[in-house]
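Beneath this line is the structure, given in structure tokens, with notes to follow.
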Amino acid sequence: KEMLGRPFIDLVHPDDRGLIMENYRRRFRQEDVPERYDFRVLRSNGEVRWAEVSAILIAWEGRPATLNFLTDITDRKQAEQALQEANRKLNLLSGITRHDISNQLVALSGRMELLEAKISEPQALEQIAKAKSAAERIYRMVQFTKEYENVGVNTPAWHNLARLVDAEAGDLPPGRVRLVNDIPRDLEMF
């Protein structure tokens with residue numbers, strides 16, 4: 001009922017009208033336009049809802065037109081936002097915990113260094129060396145968790161694989177590893 005007799009663009013959130021109009025124009029020019037995309041809709045009571053449009057170019061009574069299917073995806077968008085917020089909070093907790101564990105491992109390593117300097121018994125020194133090695137392994141494991149801190153938080157994007165490998169290769173110690181990057185330069189991953 002809200003839509004009858006009203007131009008469709010009036011129902012679109014003002015911040016998304018440019019997107020809708022640009023995609024509409026591009027579709028009529030037969031340019032590459034996503035078949036599906038999301039935008040916000042305004043209800044007559046001011047409520048903002050999310051919609052996914054699936055649109056194709058057709059002929060209607062001998063003239064070009066678009067056939068559009070709208071799906072209310074508000075619940076999905078709210079669930080996505082809740083998941084992103086939960087991931088953000090978990091990442092904050094993970095970062096704080098990782099920092100605290102790392103600090104304690106540094107303190108532990110320092111105390112083992114002090115003990116090592118005061119002890120001359122070979123068996124005790126061997127145990128201290130094993131403890132230092134275990135602390136170093138724990139430290140590396142904790143640092144490894146940082147790699148996964150932002151999984152699920154950032155919006156997926158296209159990444160050029162060859163450039164990613166080149167960027168990581170810069171962190172390799174010189175002379176220890178030879179890296180040959182023969183990944184095609186146009187290969188991307190989403």
Side-chain angles (χ1 to χ4, degrees), residues 12-20 22-23 32-43 46-54 70-114 128-190:
V12 177
H13 189 281
D15 293 344
D16 294 341
R17 287 178 184 165
L19 168 74
I20 296 293
E22 180 61 22
N23 283 345
D32 194 24
V33 182
E35 285 185 22
R36 293 174 190 251
Y37 56 92
D38 305 342
F39 65 96
R40 289 165 291 180
V41 177
L42 288 175
R43 298 199 54 198
E47 178 187 8
V48 176
R49 305 287 295 179
W50 278 94
E52 177 185 74
V53 65
S54 179
L70 297 176
T71 305
D72 185 334
I73 59 166
T74 304
D75 292 341
R76 182 180 85 194
K77 284 289 191 178
Q78 289 170 345
E80 288 171 359
Q81 289 170 347
L83 181 60
Q84 286 177 344
E85 181 63 17
N87 278 334
R88 188 191 66 74
K89 289 178 180 178
L90 285 171
N91 286 347
L92 178 62
L93 177 63
S94 170
I96 291 169
T97 303
R98 184 177 51 255
H99 179 76
D100 290 347
I101 290 171
S102 295
N103 284 345
Q104 292 302 311
L105 285 169
V106 168
L108 178 64
S109 293
R111 285 185 171 81
M112 285 188 286
E113 293 284 337
L114 292 172
I128 290 172
K130 287 180 181 179
K132 284 170 59 178
S133 177
E136 179 59 32
R137 282 193 307 276
I138 292 169
Y139 180 80
R140 283 194 309 270
M141 286 182 225
V142 169
Q143 294 308 307
F144 181 74
T145 65
K146 186 174 184 176
E147 297 293 322
Y148 295 97
E149 190 169 283
N150 290 319
V151 170
V153 173
N154 298 321
T155 304
W158 287 100
H159 297 278
N160 181 286
L161 294 181
R163 275 188 255 155
L164 287 174
V165 170
D166 288 343
E168 290 301 317
D171 293 338
L172 291 174
R176 296 184 67 195
V177 175
R178 181 174 175 266
L179 176 72
V180 176
N181 184 357
D182 58 0
I183 297 173
R185 293 291 165 183
D186 61 344
L187 185 61
E188 293 186 332
M189 178 172 60
F190 190 67

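The figures here come from the full heavy-atom set of this structure, side chains too, leaving out hydrogens, waters and symmetry mates.
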- request: Would you check if Val53 and Phe39 make a side-chain contact, meaning some heavy-atom pair closer than 4.5 Å?
  value: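 Counting from C-beta outward, Val53 and Phe39 do come under 4.5 Å.
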field: Close side-chain approach of Val41 and Leu70, heavy atoms under 4.5 Å
entry: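 A side-chain contact under 4.5 Å is absent here.
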Could you tell me which residues satisfy side chain to side chain contact (heavy atoms under 4.5 Å, CB included) with [X], sequence neighbours excluded, listed by chain and number?
X	value
Val33	Asn23, Arg26, Arg27
Leu105	Ile101, Leu108, Ala135, Ile138, Tyr139
Val48	His13, Arg40, Leu42

Using the test salt bridge (Lys or Arg N to Asp or Glu O under 4.0 Å), find all partners of [X] that sit at least two apart in sequence or belong to another chain.
X	value
Glu35	none
Arg17	none
Asp38	Arg76, Lys77

task: Determine which pairs satisfy ring-ring contact (aromatic ring centres under 6.0 Å, His included) with at least one residue from residues 162-190, sequence neighbours left out, and list them in order.
output: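 Counting only pairs at least two positions apart or across chains, the ring-ring contact (aromatic ring centres under 6.0 Å, His included) contacts touching residues 162-190 are Trp158-Phe190.
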- prompt: Excluding sequence neighbours, so at least two apart, what forms side-chain hydrogen bond (donor to acceptor under 3.5 Å, both in side chains) with Gln104?
  reply: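 Result, side-chain hydrogen bond (donor to acceptor under 3.5 Å, both in side chains) vs Gln104: none returned.
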- prompt: Under the side-chain hydrogen bond (donor to acceptor under 3.5 Å, both in side chains) test, which residues partner Gln81, sequence neighbours left out?
  reply: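 Once residues adjacent in sequence are excluded, Gln81 has no partner under the side-chain hydrogen bond (donor to acceptor under 3.5 Å, both in side chains) criterion.
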message: Return the CG to CZ distance between Asp75 and Arg49, rounded to the nearest 0.5 Å.
response: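 Rounded to the nearest 0.5 Å, the CG-CZ separation comes out at 6.0 Å.
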task: Output every pair passing salt bridge (Lys or Arg N to Asp or Glu O under 4.0 Å) with a member in residues 130-140, not counting sequence neighbours, ordered by first then second residue.
output: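 Sorted pair list: Glu113-Lys132, Glu116-Lys132, Glu126-Lys130, Glu136-Arg140.
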message: Considering only residues two or more places apart or on different chains, which pairs with a residue in residues 178-190 satisfy salt bridge (Lys or Arg N to Asp or Glu O under 4.0 Å)?
response: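 Only Asp166-Arg185 qualify under salt bridge (Lys or Arg N to Asp or Glu O under 4.0 Å).
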Side chains of residues 93-100: which donor-acceptor pairs under 3.5 Å do they make with residues two or more places apart or in other chains?
from  : atom 1 : to     : atom 2 : distance (Å)
Thr97 : OG1    : Leu93  : O      : 2.8
Arg98 : NH1    : Glu149 : OE1    : 3.1
Arg98 : NH2    : Glu149 : OE1    : 2.3
His99 : NE2    : Asn103 : ND2    : 3.2

